[in-house]
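Heads up, the thing below is written out as C-alpha cells.
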Amino acid sequence: MTSQPTPTQATSSGETGHHAGQDRSRYREAYERWRSDPEGFWEEAAREIDWFRPAEKVFDPSAGIYGRWFVGAECNACYNALDRHVERGRGGQAALVYDSPVTGTIRTFTYHDLREEVATLAAVLQDMGVGKGDRVVLYMPMVPEAVFAMLACARIGAVHSVVFGGFAARELATRLEDATPKLVLSASCGIEVARVVPYKPLLDEAIALSRHKPQACLILQRPQASASLVEGRDRDWASAVAEARRAGRRASCVPVAATDPLYVLYTSGTTGRPKGVLRDTGGYMVALKWSMKNLYGVDPGEVYFCASDVGWVVGHSYIVYGPLLHGCTSILYEGKPVGTPDAGAFWRVASEHGAAVLFTAPTAFRAIKKEDPDAKLLRNYDLSRFRALFLAGERADPDTVQWAERILGVPVVDHWWQTETGWPIAGNPLGLGALPVKYGSPTVPMPGYDVQVLDEGGRPQPPDTMGAIAIRLPLPPGCLPTLWHADERFREAYLTTYPGYYNTSDAGFVDRDGYVYIMGRTDDIINVAGHRLSTGGMEEVLASHPAVAECAVIGVKDALKGEVPCGFVVLKSGVGQSPAEVETELVALVRERIGPVAAFKLAITVGRLPKTRSGKILRGTMKKIADGEPWSMPATIDDPAILDEIGEALRSRGLGE
Ligand code: COA
Ligand code: AMP
C-alpha cells in the first residue's frame, strides 16, 4: 500500500476551488435520503425506466452473492435506449453523431435511424442463430456499427463482450475462451493517427489460438483495408444487413429479467487472466439514468461528448447506454485529442455539435496542454453551449484540473469509478448543485455508495487517515453482481479481504468534510494513459522469454500518460544474446502478446532484483527510486547494495533523478 501521509499532509492537498457554495447543493439531502431508505431511493429512480414487468422486490438480499436489484422485473435496454424515445416523439432528434477525423467523416443518426439500423442488425444476428443469453464478442474500432452491434445484442437479449482494439490476438483469445461466444463481430481495420491497424489477421490468429471457436464471424469491410473472409465461417457485414433490409427483417425487443446480463466486459486482474465483469440489465439502466441528470447535470435533448472508446467501461456507460437512455445526442469520436489533426480537435467537435459536456481522461488534457499550452486553438471555436468537463480513469492531477478550468472557464469535475462499478463511485454532482472543489479529490460518494477507509484489520478509520478504500455491501444498482461464470473468483477478489465490504483495491482517505481522495492501487494494477493494465500480466510475458531468469514490472511516473510500465529483468547465466538484444525482444514480445495499448517500451537488464530476506521483490522501493521520490532502506532487505545498482540502471535511462 501507498505510504501513510500524516493528517496534515492529507488535508493540505484539499485547497478549495471557486465553484458554487456547498449550502446551495442538494447533494447532502439526496445522500441522506438514500441512506435512510435505500430501496425507496432506487425505487423512485427506477420510475425513469420503462419496465415490461415491475420488480417484485427492489432489492432481494437473499438472491445472488450479496443480493440482487429489481428482482422479478422484466425490461429491455435497447427499448429504453431507442424505441421509447421514438414512440414519444424524439425520433427525429440526433441520437448518434459519428465524427471521425481519421477518415474525414461525419454522419448523424436520428433516434429513428438508429432504431432501424439496430433492429435490422439484430435480425441478422437472429438469422445467424444468436438468441437470448448467447454471447457475442465485438472486436471493433470506433465506428457506428460498433454501437449498432451492442444495441442489437441488447435488443434480442444476447450478451455482448467488447474487446478493445488495442489488445493483441492472445488477449482476444483469452476472452473468446472465457466468454465462449456464438458469434464474433469485427471489422477489417482500426485507424490510429499514423497507421491503419488491420484487425482481421488478429481475429483469425485469436480464433486459431482459442480452444473455443465461434460458429461465425460478421466482418465489416472498411475502405482503408480489405479483410479476406474465411469460407463457411465469415460473412460480409454490409451484404448481410442489405439482405435483411430487402427482406424487411427487423427484430423486436425481447424482454429479459432485470437481473439478466447485458454484457461482460473484461478488465485487468492481478494475473494475465482478465476478469469478466458482469453487468446486469435493470440496475445498470436505473443507475446510469440517475447519473445523467444528477451527476452530469445533462437534460434529455442535449449533446453528450464522451471521448473514450467503446472497448472501455466509460464507452459502454457514457458513449452508448447513459446518453441514449436519457434521450441525449451522443458523439462517437474516432480520433485522438492531439494529432487528428491538432490539439484543437476536442474543441472543434464540441463546438460543431454543440456539446454540453465533455468526458475524457486526464491524460488527454495533458496531451493537449503539452501541444498547445496557451490553448490558442480554443479561440477558433464557439463553446457557448459547453458547460462542464468530466475527467476519470486515473487521478486528475491538480495542475491539469486547474489548467482546464482556466482555459475553459467551466467546472472541471474529477470523478472516480471502476469497470466493476459501471458508474461513478464519487464525483461532484453538478445536477444537484456543485459542491466546492478540493483539488486532488474526486469530491464525494454518490448515493448508493457507503465508502469506508479501512486499516489492515478491516477497522474503519477516522477522517484524514490513509487506508484501503472499501464499499459497504450491498453495492448499488449498476455495479457488478459477480464475475462471468466465476462466483468464487468474485468472492475471493473483492469480498473476502474485508468481510461485509467490496474491496476497491484503491487506497486513500476521506477528509472531515466527507471528500474522498484516491491515492493509488493496493494491487499490481497500473494506469497507463487512463488504460488499466496488470503488471503481473506483463511479468508473465517477460518470464516466458527463454533468456529471462527473473523479472519485476512496476509503473513509473510519466508526465503524459500518468504512469508507464518499466520491466527489470535478470538474465539466465550463459545467455548468448546481449542484454540490449534481449531488451528489444522483450518490448516486442509484450506488444505482440498484450498489445500496443500496454505501452511497454522500457526493459532494463539488472544483475539482481532487490528482495526481502523472505524473497519478496521490493517493487514499492524500486518504484520510489524510479520516480525520484524519497525512500528509506527497507529493514528486511537481503542485500542493500542491489538498490544502488537499480538506481544506476535507472539513471542510465534518464529515470529516477
Ligand atoms: N487499436 C489499435 N491500437 C491502438 C488502439 C486501438 N484502438 N488504441 C491505442 N492503440 C495503440 C496506439 O496507437 C499506441 O501505439 P504505438 O505504441 O504504436 O504508438 C499504443 O496503442 C498506446 O496508445 P495510447 O496509450 O492511447 O497512446 P497514444 O500515444 O496513442 O496517445 C494519448 C496518447 C494521451 C493521446 C492517448 O492515450 C489518449 O487519448 N488517451 C485517452 C485515454 C482514454 O480515452 N481512456 C479511456 C478511459 S476514459
Ligand atoms: P478502470 O476499471 O479501467 O476504470 O480503472 C479503475 C481504476 O482507475 C480505479 O480503481 C482507480 O485506481 C483508477 N481511477 C479511475 N478514476 C480515478 C480518479 N478519478 N481518481 C483516481 N483514480 C482513478
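Source: prediction; values computed, not measured. As the structure lists them, so they are numbered: ligands from 1, and atoms in each ligand from 1. No hydrogens, no waters, no symmetry mates; every other heavy atom, side chains included, goes into these values. Residue numbers start at 1 and run along the sequence shown.
- Using a 4.0 angstrom heavy-atom cutoff, Lys561 counts as in contact with ligand 1.
- Put simply, the residue from Leu389, Leu378, Thr360, Leu377 that forms a side-chain contact (heavy atoms from CB on, under 4.5 Å) with Phe346 is Thr360.
- Checking atom 36 (C) of ligand 1 against the protein gives no heavy-atom contact under 4.0 Å.
- For atom 32 (C) of ligand 1, the protein comes within 4.0 Å by no heavy atom at all.
- What sits closest to atom 22 (C) of ligand 1 on the protein, heavy atoms only, is Pro596 O, 3.5 Å.
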One pair per line, please: each N/O atom of ligand 2 matched with every protein N/O atom under 3.5 Å away, atom names first, then the distance to 0.1 Å.
residue  : atom   : partner : partner atom : Å
ligand 2 : 2 (O)  : Thr419  : N            : 2.8
ligand 2 : 2 (O)  : Thr419  : OG1          : 2.5
ligand 2 : 2 (O)  : Arg532  : NH1          : 2.7
ligand 2 : 8 (O)  : Gly393  : O            : 3.4
ligand 2 : 8 (O)  : Asn527  : ND2          : 3.1
ligand 2 : 10 (O) : Gln418  : NE2          : 3.0
ligand 2 : 10 (O) : Asp506  : OD1          : 3.4
ligand 2 : 10 (O) : Asp506  : OD2          : 2.6
ligand 2 : 10 (O) : Arg521  : NH1          : 2.7
ligand 2 : 12 (O) : Asp506  : OD1          : 2.6
ligand 2 : 12 (O) : Asp506  : OD2          : 3.4
ligand 2 : 16 (N) : Gly393  : N            : 3.1
ligand 2 : 19 (N) : Asp414  : OD1          : 2.7
ligand 2 : 19 (N) : His415  : O            : 2.8

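- Looking at Tyr199 against ligand 1, only its side chain comes within 4.0 Å, counting heavy atoms.
- Residue contacts with ligand 1: Met142 is excluded, as none of its non-hydrogen atoms falls under 4.0 Å.
- When non-hydrogen atoms are compared, ligand 1 lies under 4.0 Å from neither the backbone nor the side chain of Glu371.
- Nearest-heavy-atom check against atom 45 (N) of ligand 1 across His531, Lys336, Glu394 picks out His531.
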For this session: Please lay out, stage by stage, how Asp309 and Trp312 fare under the test side chain to side chain contact (heavy atoms under 4.5 Å, CB included).
Result: CA-CA 6 Å; Asp309 188 287; Trp312 306 118; 3.7 Å; yes
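- Annotation: side chain of Leu533 is not in contact with side chain of Pro565 (no heavy-atom distance under 4.5 Å).
- In terms of protein heavy-atom proximity, atom 40 (N) of ligand 1 is closest to Thr363 CG2, 3.7 Å.
- In this structure, atom 19 (O) of ligand 1 lies nearest to the protein heavy atom Lys601 NZ, 4.2 Å.
- Using bins of under 30°, 30° to 60° and over 60° for the plane-to-plane angle, the ring pair Phe167/Phe164 lands in the perpendicular bin.
- The salt bridge (Lys or Arg N to Asp or Glu O under 4.0 Å) search around Glu540 returns none, not counting sequence neighbours.
- Val320 approaches Pro323 most closely through the heavy-atom pair O-CD, 3.8 Å.
- For ligand 1, the polar-atom distance check finds an N/O of Glu192 within less than 3.5 Å of one of the ligand's N/O atoms.
- Considering only non-hydrogen protein atoms, atom 8 (N) of ligand 1 sits nearest to Phe164 CZ, 3.3 Å.
- Contact between Phe359 and ligand 1 is absent, with no heavy atom of the residue lying under 4.0 Å from the ligand.
- Without hydrogens or angle criteria, Asp374 side chain to Lys376 main chain gives no donor-acceptor distance under 3.5 Å.
- Within the structure, the closest approach of Pro337 to ligand 1 falls below 4.0 Å when heavy atoms are considered.
- Regarding atom 42 (C) of ligand 1, its nearest protein heavy-atom neighbour is Ala529 O, 3.1 Å.
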Exercise. What's the verdict on side chain to side chain donor-acceptor pair (under 3.5 Å) for Tyr501 and Gln452, showing C-alpha distance, side-chain angles and the deciding distance?
Worked result: CA-CA 9 Å; Tyr501 294 89; Gln452 297 287 330; 5.0 Å; no
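- Contact between Ser308 and ligand 1 is present, with at least one heavy atom of the residue lying under 4.0 Å from the ligand.
- Looking at ligand 1, you'll find an N or O of Arg195 within less than 3.5 Å of one of its N or O atoms.
- Within a 6.0 Å radius of CZ in Arg387, more than 12 heavy atoms belonging to other residues, nucleotides or ligands are found.
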For this session: List the steps, then state whether side chain to side chain contact (heavy atoms under 4.5 Å, CB included) holds for Tyr318 with Leu288.
Result: CA-CA 8 Å; Tyr318 294 108; Leu288 290 183; 3.6 Å; yes
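- An N or O contact shorter than 3.5 Å is missing between Trp312 and ligand 1 by distance.
- Using 4.0 Å as the threshold, Gly166 has a heavy atom nearer than that to some atom of ligand 1.
- Neither the backbone nor the side chain of Pro141 has any atom closer than 4.0 Å to an atom of ligand 1 (non-hydrogen atoms only).
- The backbone N or O of Lys336 lies less than 3.5 Å from a partner atom in the side chain of Tyr333, making a donor-acceptor pair.
- The protein heavy-atom contact nearest to atom 16 (P) of ligand 1 is Arg591 NH1, 3.7 Å.
- Among the candidates Tyr284, Tyr296, Trp416, Tyr449, the single residue satisfying the ring-ring contact (aromatic ring centres under 6.0 Å, His included) test with Trp423 is Tyr449.
- Under the 3.5 Å distance criterion, the side-chain polar atoms of Asp524 are left unmatched by any main-chain donor or acceptor of Thr535.
- Ring geometry for His160 versus His316: interplanar angle of 30 to 60°, hence tilted.
- Within the structure, ligand 1 has Ala307 among the residues with a heavy atom less than 4.0 angstrom away.
- The backbone N or O of Thr504 lies less than 3.5 Å from a partner atom in the side chain of Gln418, making a donor-acceptor pair.
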